[in-house]
Amino acid sequence: MAETSKTEKAFDEWRRAEAKYADYLQSFAADGPPSKVKKDSAVELAKLRSRADAARHSYFKRALK
């Protein structure tokens with residue numbers, strides 16, 4: 001069985017982080033803008049976006065060497 005490279009692992013982590021963000025965003029705005037935005041929802045969206053951005057950065061840092 002072939003070992004997964006660090007670049008492939010970084011890519012997988014990026015895609016999982018993007019999927020988590022997309023899932024939360026879908027539940028947050030499934031029917032358009034919510035009538036009221038709760039602080040917890042805004043914070044969670046920001047955290048998930050930040051994690052996805054960090055994972056993307058990590059992937060490209062490895063892939064572009």
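Residues: numbered from 1 along the sequence shown.
How far CH2 of Trp14 is from CZ of Arg62: 15.0 Å, rounded to the nearest 0.5 Å. Rounding to the nearest 0.5 Å places OG1 of Thr7 at 11.0 Å from CG of Asp12. Rounded to the nearest 0.5 angstrom, Lys9 NZ and Tyr59 OH are separated by 15.5 Å. Note that the NZ atom of Lys61 and the OG atom of Ser58 stand 7.5 Å from one another [nearest 0.5 Å].
Side-chain heavy atoms closer than 4.5 Å link hydrophobic residues (I, L, V, M, F, W, Y) into clusters, and following such links, possibly through other members, connects Tyr21 to Val37. By the rule that hydrophobic residues join a cluster once side-chain heavy atoms approach within less than 4.5 Å of another member, Leu64 and Phe11 end up as members of one cluster.
Between Ala55 and Ala17, the shortest heavy-atom contact is CB-CB, 4.2 Å.
At a threshold of 4.5 Å between non-hydrogen side-chain atoms, the residues Arg49 and Glu18 count as touching. Contact of the Phe28 side chain with the Pro34 side chain is registered, since non-hydrogen atoms from C-beta on lie closer than 4.5 Å. Using a 4.5 Å heavy-atom cutoff, the side chains of Leu48 and Arg51 are in contact.
Listed by chain and number, the residues in a side chain to side chain donor-acceptor pair (under 3.5 Å) with Glu13 amount to none (sequence neighbours excluded).
Salt bridge Arg56/Asp53: present, at least one basic N to carboxylate O contact under 4.0 Å.
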